[in-house]
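Order of listing sets the numbers, starting from 1, for every ligand and every atom in it.
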Amino acid sequence: MPVIRKYQEPYDRKFIREICCDTAFLGDPVENFFEGREVVADLLTLYYTDYEPESVFVAELTGQIVGYLTGCKNIKRQKRIFITRILPVIAVRFILSDSILKKKNVLFLYHCILSFLKKEFFTTDVLLEHPATLHINIDRRYRNMGIGKKLVSEYLYYLKNEKVKGVCLATVSVDAVRFFKKMGFTVLQKKKVSCFAYLGYKRLYRFILGRKLTDEKADVIE
Ligand SMILES: CC(C)(COP(=O)(O)OP(=O)(O)OC[C@H]1O[C@@H](n2cnc3c(N)ncnc32)[C@H](O)[C@@H]1OP(=O)(O)O)[C@@H](O)C(=O)NCCC(=O)NCCS
């Protein structure tokens, strides 16, 4: 079985970025909807690896990273840093690169902007009770082996020790919803999203799941 341990710079960084891009689209590679791995890896992992590495956990099996959990104890702080320090740099780099001209990327950005204007990414306020968040990705070859469960258990234990009240996350994957329900999360919000309809995903929902950590059993997953 893999060892679950804290993130170590610089060794783990490239593995996390690689797994992130290999699993970014409903568990499948990012190339299904976007060309430009560096941009996607920066958008999805940079805050965690560079600004809150103490909340990142990896699963290591015989010297190889096979899964990770990127956590954050305070979503408000994350949003502030992301908008003021990370996004401007990524946007400038993206505009100056040739990726911006690729048809696949133009289509994706166009549909994302439409979804944003329709308020499909808007989340009702759950942050008071659930200030922390997480993303988790397991290399496809190592799923259903109990690695995700171990990573989530370790993270909940860590959050509880840090006196964090609760944790929430967003996903469009019904498989992930089933997994998180097993981890003691409940669905707090469900909203239709249309940004992937042009790829054939016409009935996709964005779920917000949450788990409070103030109860006795918060560090135990049955
Ligand atoms: C979702 C994911 C993290 C689960 O990790 P995993 O290592 O495959 O899951 P585990 O083997 O630890 O499973 C733990 C429990 O959840 C259940 N489970 C896992 N995937 C499930 C699914 N798709 N449907 C129903 N139950 C599922 C397992 O049966 C197991 O139940 P048990 O404790 O009763 O035996 C992993 O499949 C993944 O990385 N998917 C792609 C990326 C993703 O969707 N990330 C989540 C969005 S942030």
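Counting non-hydrogen atoms of neighbouring residues, nucleotides and ligands closer than 6.0 angstrom, the NZ atom of Lys102 exceeds 12 such neighbours. Counting heavy-atom neighbours within 6.0 Å of Tyr110 OH, excluding the residue itself, gives a total of 12 or less. The environment of Lys79 atom NZ is sparse: at most 12 non-hydrogen atoms of other residues, nucleotides or ligands sit within 6.0 angstrom.
No cation-pi contact links Lys190 to Phe207, judged by a cut-off of 6.0 Å to the six-membered ring centre and 45° from its axis.
Relative orientation of the Phe25 and Tyr201 rings is perpendicular, given thresholds of 30° and 60° on the angle between their planes.
For the residue pair Ser55 and Tyr158, a side-chain donor N or O sits within less than 3.5 Å of a side-chain acceptor on the partner. Side chains of Tyr47 and Arg77: a donor-acceptor N/O pair is present below 3.5 angstrom, by distance only. A donor-acceptor contact under 3.5 angstrom links the side chains of Glu9 and Tyr7, judged on distance only.
On a distance-only criterion, Arg178 and ligand 1 share no N/O pair closer than 3.5 Å. For a threshold of 3.5 Å applied to N or O pairs, the pair formed by Gly146 and ligand 1 contains at least one separation below that value. The shortest N or O to N or O distance between Asn144 and ligand 1 is below 3.5 Å. Annotation: Gly148 places an N or O atom under 3.5 Å from an N or O atom of ligand 1; distance criterion only. Some N or O of Lys149 is nearer than 3.5 Å to an N or O of ligand 1, by distance alone. The shortest N/O to N/O separation between Leu169 and ligand 1 does not fall below 3.5 Å.
Residue-ligand proximity, Ile138 to ligand 1, at heavy-atom distances under 4.0 Å covers atoms 3 (C), 5 (O), 7 (O), 36 (C), 38 (C), 39 (O). Close approach of ligand 1 to Gly27 (heavy-atom distance below 4.0 Å) involves ligand atoms 41 (C). Heavy-atom proximity to Lys182, at under 4.0 Å, picks out these atoms of ligand 1: 16 (O), 17 (C), 31 (O), 32 (P), 34 (O). Ligand 1 places these atoms under 4.0 Å from at least one heavy atom of Thr171: 47 (C). Each of the atoms 39 (O), 42 (C), 43 (C), 45 (N) of ligand 1 lies under 4.0 Å from some heavy atom of Asn137. For ligand 1, the atoms lying closer than 4.0 Å to a non-hydrogen atom of Met145 are 11 (O).
With distances taken over non-hydrogen atoms, the option nearest atom 45 (N) of ligand 1 out of Thr133, Ile19, Ile136, Asp139 is Ile136.
Between Tyr48 and His135, the ring center distance clears the sub-6.0 Å criterion.
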